Asker: 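Please find one structure pasted underneath; my questions will follow.
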Amino acid sequence: MPGRFDGKVVVITGGGAGIGRVYAQRFAAEGASIVIADADPDAGARVVKELAGDGGAAHAVTIDVADEEGAARMAGQATERFGGIDVLINNAGIHLHHAQLPYDRPSLGAWRRVLDVNVIGALNCTVACREALARGGGSVVNQSSMAAYMGGGAYGVSKLALNAMTVSLAGELAPEGIRVNGIAPGLVDSEAAMESMSAEAQERVIAGQAIKRLGRMEDLANMVLFLCSEEASFITGQTFVVDGGFTRKPF
């Protein structure tokens with residue numbers, strides 16, 4: 001049976017491992033050609049090899065999303081290799097303990113780096129891919145976090161800013177047929193999350209959820225593929241929380 005993304009080109013930043021890798025596998029399984037943009041060249045190459053082994057078409061490019069020239073190179077290679085871009089997943093980010101920074105002078109440089117990658121990085125990549133995405137109406141998904149709604153630290157601040165940018169980009173790009181949405185995950189079974197959180201900390205998060213199980217990276221992939229499909233053609237400017245009901249907002 002044909003996949004929802006047959007003939008489509010999907011660019012995934014931070015696609016060399018974890019959640020981004022699962023996104024790449026799922027899009028490829030539904031017929032998409034994949035561009036893995038990652039700061040780690042070995043990780044990107046491994047995912048491309050995996051996808052090729054399953055019969056998929058994939059290409060890796062090594063970039064720092066905070067660098068405008070790197071983002072432009074990513075968009076250029078995607079267009080040159082596959083003829084255009086249909087989906088951009090802004091998944092790359094600094095997270096977990098690397099982004100839990102205090103409000104003090106010694107931490108200001110690290111704060112700037114978190115904001116450069118998590119916010120400006122998504123902007124750089126969206127701007128770089130804008131022309132290619134407009135070829136037939138494209139979709140952008142920004143990877144936020146439930147931390148955006150919980151306050152505290154550079155990570156939550158960066159993700160709240162990203163949510164605001166999702167709203168404004170949706171209005172800016174709508175005349176070009178480009179939809180922009182976000183996904184705000186809770187705790188999921190990514191390698192990085194499992195390594196950085198103790199079993200007790202994981203249990204505390206799950207206890208606060210309405211659905212009492214650990215989230216799965218596949219749960220996120222299900223939402224992202226829906227948002228990028230024609231099934232979501234009337235949805236833009238929204239950030240969807242996928243956290244088992246940990247964040248229950250009355251608005």
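A quick note: this is a predicted structure, and the numbers were derived from the prediction, not measured. Computed over heavy atoms, backbone and side chain alike; hydrogens, waters and symmetry mates excluded.
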Asker: Considering only residues two or more places apart or on different chains, which pairs with a residue in residues 232-242 satisfy salt bridge (Lys or Arg N to Asp or Glu O under 4.0 Å)?
Answerer: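 Listed once each, the pairs would be none.
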
Asker: For the backbone of Ala78 and the side chain of Arg81, can you confirm whether one donor and one acceptor N or O come within less than 3.5 Å of each other?
Answerer: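 Absent.
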
Asker: Is it the case that one hydrophobic cluster holds both Val141 and Val241, taking links as side-chain heavy atoms less than 4.5 Å apart, direct or via other members?
Answerer: no

Asker: Please check if Met165 and Val127 belong to a single hydrophobic cluster, counting links between Ile, Leu, Val, Met, Phe, Trp and Tyr side chain heavy atoms closer than 4.5 Å.
Answerer: yes

Asker: Using the test side-chain hydrogen bond (donor to acceptor under 3.5 Å, both in side chains), find all partners of Asp219 that sit at least two apart in sequence or belong to another chain.
Answerer: Arg213

Asker: First locate atom CZ of Arg216, then atom OG of Ser190, and finally report the distance between them rounded to the nearest 0.5 Å.
Answerer: 14.5 Å

Asker: Kindly compute the distance separating SG (Cys125) from CD1 (Ile12), expressed to the nearest 0.5 Å.
Answerer: 12.5 Å

Asker: With salt bridge (Lys or Arg N to Asp or Glu O under 4.0 Å) as the rule and sequence neighbours excluded, what pairs involving residues 163-181 come up?
Answerer: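 For residues 163-181: Arg130-Glu172, Arg130-Glu176.
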
Asker: Please list, chain by chain and in numerical order, all residues satisfying side chain to side chain contact (heavy atoms under 4.5 Å, CB included) with Asp54, sequence neighbours excluded.
Answerer: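 Partners of Asp54 under the side chain to side chain contact (heavy atoms under 4.5 Å, CB included) test: none.
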
Asker: For Asn222, what residues pass the side-chain hydrogen bond (donor to acceptor under 3.5 Å, both in side chains) criterion, not counting sequence neighbours?
Answerer: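 Arg26.
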
Asker: Going by side-chain hydrogen bond (donor to acceptor under 3.5 Å, both in side chains), name the residues that satisfy it together with Arg204, two or more places apart in sequence or in a different chain.
Answerer: none

Asker: When rounded to the nearest 0.5 angstrom, what is the spacing between OG in Ser144 and OH in Tyr149?
Answerer: 5.5 Å

Asker: What I want to find out is whether Arg73 reaches Asp67 closely enough, with some N-O distance under 4.0 Å, to be called a salt bridge.
Answerer: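 Looking at Asp67 together with Arg73, the answer is no, because their closest N to O distance does not fall below 4.0 Å.
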
Asker: How about CD on Glu131, more than 12 heavy atoms from neighbouring residues, nucleotides or ligands closer than 6.0 Å, or not?
Answerer: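 Not buried by this count: 12 neighbours or fewer within 6.0 Å.
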
Asker: Restricting to non-hydrogen atoms, name the atom on Ala45 and the atom on Ala60 that form the minimum distance, rounded to 0.1 Å.
Answerer: N-CB, 4.2 Å

Asker: Please enumerate all residues that pass side chain to side chain contact (heavy atoms under 4.5 Å, CB included) together with Thr166, with sequence neighbours excluded.
Answerer: Asn142, Val180, Thr239

Asker: Out of Val9, Val140, Val35, which one pairs with Leu88 under the side chain to side chain contact (heavy atoms under 4.5 Å, CB included) rule?
Answerer: Val140

Asker: Who else is in the cluster with Val205 when I, L, V, M, F, W and Y are joined by side-chain contacts under 4.5 Å?
Answerer: Met146, Met150, Leu187, Met194, Met197, Ile206, Leu214, Phe246

Asker: So among Asn91, Val22, Val188, which one has a side chain to side chain contact (heavy atoms under 4.5 Å, CB included) with Leu220?
Answerer: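 Single pass found, and it is Val188.
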
Asker: Do side-chain atoms of Glu203 reach the backbone of Ala201 as a donor and acceptor pair under 3.5 angstrom?
Answerer: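 Not confirmed, Glu203 side chain does not pair with Ala201 backbone.
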
Asker: Check step by step if side chain to side chain donor-acceptor pair (under 3.5 Å) holds for Tyr155 and Asn118.
Answerer: CA-CA 8 Å; Tyr155 185 62; Asn118 291 7; over 6 Å; no

Asker: Side chains of Asn90 and Thr126: is there a donor and an acceptor less than 3.5 Å apart?
Answerer: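 Yes, Thr126 and Asn90 have a side-chain donor paired with an acceptor closer than 3.5 Å.
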
Asker: Mind listing the closest non-hydrogen atom pair of Leu162 and Ala122 along with its distance?
Answerer: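 Minimum heavy-atom contact is CD1-CB, 3.7 Å.
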
Asker: List in chain and number order the residues that pass side-chain hydrogen bond (donor to acceptor under 3.5 Å, both in side chains) with Arg21, two or more places apart in sequence or in another chain; answer none if no residue qualifies.
Answerer: Glu50

Asker: Sort and list the pairs that fulfil ring pair (Phe, Tyr, Trp, His ring centres under 6.0 Å) and have at least one residue in residues 8-43, not counting sequence neighbours.
Answerer: Phe5-Phe27

Asker: Using ring pair (Phe, Tyr, Trp, His ring centres under 6.0 Å) as the criterion, list what pairs up with Tyr103, not counting sequence neighbours.
Answerer: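 Per chain and number, Tyr103 pairs via ring pair (Phe, Tyr, Trp, His ring centres under 6.0 Å) with Trp111.
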
Asker: With sequence neighbours excluded, what pairs up with Ala57 under the side chain to side chain contact (heavy atoms under 4.5 Å, CB included) test?
Answerer: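 So Ala57 forms a side chain to side chain contact (heavy atoms under 4.5 Å, CB included) with Ser33, Phe82.
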
